[in-house]
**Student:** 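Input: one structure, supplied below.
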Amino acid sequence: MRELSLHILDIARNSVEAGARNVALTVVEDPERDRLEITLQDDGRGMDAETLARVTDPFYTTRTTRHVGLGLSLLKATCEQAGGVMELTSTPGKGTLVRCVMGLSNFDRPPLGDLAAVIQSLACETEHTELVYRHIVGDSEFRLDTMEVKRELEADCLCAPPILQWLGRHVREGLHDLGSRA
């Protein structure tokens, strides 16, 4: 995948498929330490130790529709290519945490991509899953909580085009105000 945002979308969709009711996405850009950290945590069904040990093998998948599971293996390769690591922790019945760390200025790090479009997609596709997105650059933070947005708008769903347009604009403005360089 050419952009990290597409990896994020893929992993978040895995969380939803795993029955997560809550997904927390945190992106931290730390220019002083030349570090980019992406963390996605869910409260889905989680994985047992055997599955966790095999989940980054591209020829392993729990899906019945295909025989490969490239998402986490590609993300791990991307992290390592950019001088970083990917860590996975999971507990059956409690959820999964995916943490990626890589060099912010590493030449081989893909761009972050269009996170606003990813948030729009997740907000619409994951009607029964709440998303908390935090993006931190230095000492500044942008935060979006879909549950708070639904409460403010008195809406059960964020799929209406005016709401999606607002979400995209809100995230783009927030990242611009942060001075995101990823």
Side-chain angles (χ1 to χ4, degrees), residues 1-29 36-47 55 61-66 68-75 78 86 88 90 92-100 110-137 140-182:
M1 292 186 211
R2 293 178 180 220
E3 297 178 347
L4 294 171
S5 60
L6 298 176
H7 286 287
I8 291 168
L9 181 61
D10 182 57
I11 295 169
R13 284 182 172 156
N14 289 347
S15 294
V16 173
E17 289 177 15
R21 302 286 301 161
N22 298 287
V23 174
L25 167 65
T26 304
V27 178
V28 178
E29 297 177 44
L36 175 66
E37 181 174 333
I38 300 168
T39 306
L40 196 134
Q41 184 167 18
D42 70 46
D43 61 356
R45 69 177 157 267
M47 295 177 270
V55 77
T61 184
T62 58
R63 292 183 179 156
T64 57
T65 55
R66 62 182 189 211
V68 293
L70 295 174
L72 288 171
S73 62
L74 286 174
L75 179 56
T78 297
M86 182 183 82
L88 276 170
S90 190
K94 294 193 175 181
T96 300
L97 172 76
V98 179
R99 181 174 170 262
C100 300
L112 197 50
D114 192 352
L115 271 179
V118 168
I119 299 303
Q120 286 174 308
S121 179
L122 291 173
C124 194
E125 293 175 25
T126 60
E127 186 176 336
H128 302 291
T129 304
E130 300 303 335
L131 172 69
V132 175
Y133 165 50
R134 296 174 56 220
H135 198 118
I136 300 165
V137 178
S140 301
E141 178 176 340
F142 171 81
R143 185 176 186 278
L144 176 87
D145 182 334
T146 58
M147 185 180 292
E148 290 176 3
V149 173
K150 288 176 183 174
R151 191 173 28 246
E152 283 294 318
L153 298 176
E154 298 179 4
D156 294 329
C157 174
L158 302 178
C159 293
I163 296 172
L164 289 175
Q165 290 170 358
W166 176 84
L167 277 173
R169 199 172 44 250
H170 182 62
V171 171
R172 285 184 183 95
E173 289 172 0
L175 295 180
H176 179 268
D177 291 347
L178 281 177
S180 173
R181 298 182 316 158

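As the structure is a prediction and not an experimental result, all values here were calculated from the model.
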**Student:** Not counting sequence neighbours, which residues clear salt bridge (charged side-chain N to carboxylate O under 4.0 Å, His left out) with E130? List them please.
**Tutor:**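 Applying salt bridge (charged side-chain N to carboxylate O under 4.0 Å, His left out) to E130 gives K150.
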
**Student:** After noting the C-alpha distance and the side-chain angles of T146 and L122, does the key distance pass the side chain to side chain contact (heavy atoms under 4.5 Å, CB included) rule?
**Tutor:** CA-CA 10 Å; T146 58; L122 291 173; over 6 Å; no

**Student:** Grab the two heavy atoms, one from G19 and one from R45, that are nearest each other, plus how far apart they are.
**Tutor:**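 Looking at all heavy atoms of both residues, the shortest contact is N-NH1, 4.3 Å.
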
**Student:** Hey, what do you get for CZ (R172) to CD1 (I119), rounding to the nearest 0.5 Å?
**Tutor:**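 Answer for the CZ-CD1 pair, R172 versus I119, is 11.0 Å.
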
**Student:** Are I38 and L25 close enough that some pair of their side-chain heavy atoms sits under 4.5 Å apart?
**Tutor:**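 Contact flag for I38/L25 side chains = yes.
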
**Student:** Within the side chain of S5, is there an N or O that forms a donor-acceptor pair under 3.5 Å with the backbone of L112?
**Tutor:**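 Flag set: sc S5 to bb L112 pair under 3.5 Å.
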
**Student:** Ring centres under 6.0 Å, that's the criterion: do F142 and H176 meet it?
**Tutor:**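 Aromatic pair excluded; centres sit 6.0 Å or further apart.
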
**Student:** Out of curiosity, L9 CG to Q120 CD, how far, rounded to the nearest 0.5 Å?
**Tutor:**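 If I round to the nearest 0.5 Å, the distance is 11.5 Å.
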
**Student:** Tell me, please, which residues at least two apart from E173 pass salt bridge (charged side-chain N to carboxylate O under 4.0 Å, His left out).
**Tutor:**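 Expected list: none.
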
**Student:** I'd like to know whether L167 forms a side chain to side chain contact (heavy atoms under 4.5 Å, CB included) with L144, so could you lay out the CA-CA distance, the side-chain angles of the two residues, the decisive distance to 0.1 Å, and finally the verdict.
**Tutor:** CA-CA 9 Å; L167 277 173; L144 176 87; 4.0 Å; yes

**Student:** Within the side chain of T129, is there an N or O that forms a donor-acceptor pair under 3.5 Å with the backbone of R21?
**Tutor:**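 No; zero donor-acceptor contacts below 3.5 Å.
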
**Student:** Can you tell me if T96 uses its side chain to pair, donor with acceptor, with the backbone of S90 under 3.5 Å?
**Tutor:**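 No.
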
**Student:** Test your reading of the model: is there a side-chain donor-acceptor pair from E29 to the backbone of R181, 3.5 Å cut-off?
**Tutor:**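 Yes; judged by distance alone, with no hydrogens or angles, the pair exists.
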
**Student:** When the ring planes of Y133 and H135 are compared, do they come out parallel, tilted or perpendicular, using 30° and 60° as the limits?
**Tutor:**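 Judged by the thresholds at 30° and 60°, the geometry between Y133 and H135 is perpendicular.
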
**Student:** How long is the straight-line distance from CD1 of I136 back to CD of E141, given to the nearest 0.5 Å?
**Tutor:**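 Separation between the atoms: 4.5 Å.
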
**Student:** Roughly how far, to the nearest 0.5 Å, is CG of D156 from NE2 of H128?
**Tutor:**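 Rounded to the nearest 0.5 Å, the NE2-CG separation comes out at 9.5 Å.
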
**Student:** Kindly write out the residues that satisfy salt bridge (charged side-chain N to carboxylate O under 4.0 Å, His left out) with D43, not counting sequence neighbours, or none if the list is empty.
**Tutor:**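 Per chain and number, D43 pairs via salt bridge (charged side-chain N to carboxylate O under 4.0 Å, His left out) with no residue.
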
**Student:** How long is the span from the NE2 atom in H7 to the OG1 atom in T78, to the nearest 0.5 Å?
**Tutor:**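 If we round to the nearest 0.5 Å, H7:NE2 and T78:OG1 are 3.5 Å apart.
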
**Student:** I need the N14 CG to L72 CG distance, nearest 0.5 Å.
**Tutor:**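 Reported to 0.5 Å precision, the distance equals 6.0 Å.
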
**Student:** Which atom names give the shortest non-hydrogen contact between D42 and G44, and what distance separates them?
**Tutor:**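 Looks like OD1-N, 2.8 Å.
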
